[in-house]
Number of protein chains: 2
Amino acid sequence: MIETAAINAVMRTLADPTRRAVFERIVSSDEITVVELTRGSGVTQGAISQHLKSLKLAGLVAERPEGRRVFYRAEPEGLAPLVDWMGHYAVFWRERFANLRSLLKEIDP
Amino acid sequence: MIETAAINAVMRTLADPTRRAVFERIVSSDEITVVELTRGSGVTQGAISQHLKSLKLAGLVAERPEGRRVFYRAEPEGLAPLVDWMGHYAVFWRERFANLRSLLKEIDP
DNA sequence: CTAATGCATTAGTTAATGCTAATGTATTGG
DNA sequence: CCAATACATTAGCATTAACTAATGCATTAG
């Protein structure tokens, strides 16, 4: 059985381009502050904080306050519902498996 | 390079629970008509047609008119952008790889 | 031929959502 | 200390989006 609520949350959260860009940027960096995320994002700091809240609620990121700054990092488990969902319908992108296979070997040979 | 527009479309399309349910139902059946999709969907036939239009634009489904009925089927390639996106960030759900591995073997041993 | 069926489309309503601007609350630098 | 910095939160606004009801168009049944 698939966790409908979890997939729902993750999909909805990552559907917004701005928020997904924020997530991708967090993923790319080990840890990153709100100021850095705001810079070059095209939106205000308040908007970034709102997106971070959504990402946190979806379990996609975690925070680490340090002084007056807050460092954000990606939460790998958050993508699990999406992975599971894809897995459930895996038979329908069978032709993509070659790529995925090589990827798996590349990361964990 | 990641196809931002494609991921955007697929994510946005699958983010809606009703529409995703329609897609899942199309995936589960080989081919299915609009009447069947409407039955038990909780929404009107018009809504279903609208969702089908979105899914078609996202490249997730294809249609085959036959008489006054239209049969819909899943379009595997449509999920490619999502697979690619996941692959790009694969290093961050490394722990899910065991599951994915067994899945791969299950489908294509 | 005529009525019924299957589907698409449109207009209009309602709810959700992303944004800004402003404000509040800690924390640190000078 | 006190001003500045970092972040969160709120209210308000504009836009998007999902839905219904209604209508139109084609196709088949009787």
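Reckoned from all heavy atoms, side chains included, excluding hydrogens, waters and symmetry mates. Reminder, nothing fancy here: chain letters follow the sequence lines and each chain counts from 1.
Backbone-only contact: B/Tyr72 has heavy atoms under 4.0 Å from sugar-phosphate atoms and none from a base.
Using modelled atom types, one finds a donor on one side chain and an acceptor on the other under 3.5 Å when comparing A/Gln45 with A/Ser49.
The distance from atom CZ of B/Phe23 to atom CG of B/Leu79, rounded to the nearest 0.5 Å, is 4.5 Å. Separation of atoms OG1 (B/Thr38) and CD1 (B/Ile48) is listed at 5.0 Å; rounding is to 0.5 Å. Summarising the geometry, atom CD belonging to B/Glu24 is positioned 8.5 Å from atom CG belonging to B/Leu14; distances are rounded to the nearest 0.5 Å. Note that the CD atom of B/Gln50 and the NZ atom of B/Lys53 stand 8.5 Å from one another [nearest 0.5 Å]. Note that the OH atom of A/Tyr72 and the CG atom of A/Asp30 stand 16.0 Å from one another [nearest 0.5 Å]. Taking CG of B/Leu55 as the reference point, atom NE2 of B/His51 lies at 8.5 Å (rounded to 0.5 Å).
A donor-acceptor contact shorter than 3.5 Å links the side chain of A/Arg19 to the backbone of A/Thr13. Side chain of A/Arg25 to backbone of A/Arg20: no donor-acceptor contact under 3.5 angstrom is found.
For A/Arg73, the CZ atom counts as densely surrounded, since its 6.0 Å shell holds more than 12 non-hydrogen atoms of other residues, nucleotides or ligands.
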Can you tabulate the close N/O pairs, meaning under 3.5 Å, that link protein atoms to atoms of nucleotides 12-17 of chain C?
residue: C/dT17; atom: OP1; partner: A/Arg12; partner atom: NH1; Å: 2.3

Tabulate protein N/O versus nucleotide N/O from nucleotides 9-15 of chain D, keeping only pairs under 3.5 Å, one per line.
residue: D/dT10; atom: O4; partner: A/Gln50; partner atom: NE2; Å: 3.0

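By the 4.5 Å heavy-atom criterion applied to side chains, A/Glu75 and A/Leu60 are not counted as neighbours.
Per the geometry, CD1 belonging to A/Ile48 stands 11 Å off C1' belonging to C/dC19, to the nearest Å. Distance CG (B/Asn8) to P (C/dG18): 12 Å, rounded to an integer number of Å. Going from atom CG of B/Leu14 over to atom C1' of D/dA17 covers 16 Å, rounded to whole Å. The nearest whole Å value for the distance from the CZ atom in A/Phe71 to the P atom in D/dA8 is 13 Å. At whole-Å resolution of the value, CG in B/Leu55 and C1' in D/dA17 are 15 Å apart. Taking atom CZ of residue A/Arg39 and atom P of nucleotide D/dC7, one finds them 11 Å apart after rounding to whole Å. Distance A/Glu36 CD to D/dA6 P: 10 Å, rounded to the nearest Å. Rounded to whole angstrom, the span from the CD atom of A/Glu31 across to the C1' atom of D/dC7 amounts to 16 Å.
Annotation: of the two residues near DNA chain C, A/Ser54 and B/Arg69, the 5′-most nearest-nucleotide partner is B/Arg69.
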Let me have a per-nucleotide readout for nucleotides 24-30 of chain D, 5' to 3', with B, S or -, counting only protein heavy atoms under 4.0 Å. ---BBS-
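Using a 4.0 Å cut-off, some side-chain N or O of B/Thr44 falls inside it from OP1 or OP2 of D/dT20. Checking the phosphate oxygens (OP1, OP2) of C/dC19, a side-chain nitrogen or oxygen of A/His51 falls inside 4.0 Å. Dashed line: the shortest gap from a side-chain N or O of B/Thr18 to OP1 or OP2 of D/dC19 is under 4.0 Å.
Taking every heavy atom of both residues into account, B/Val10 and B/Ala58 meet most closely at CG2-O, 4.3 Å.
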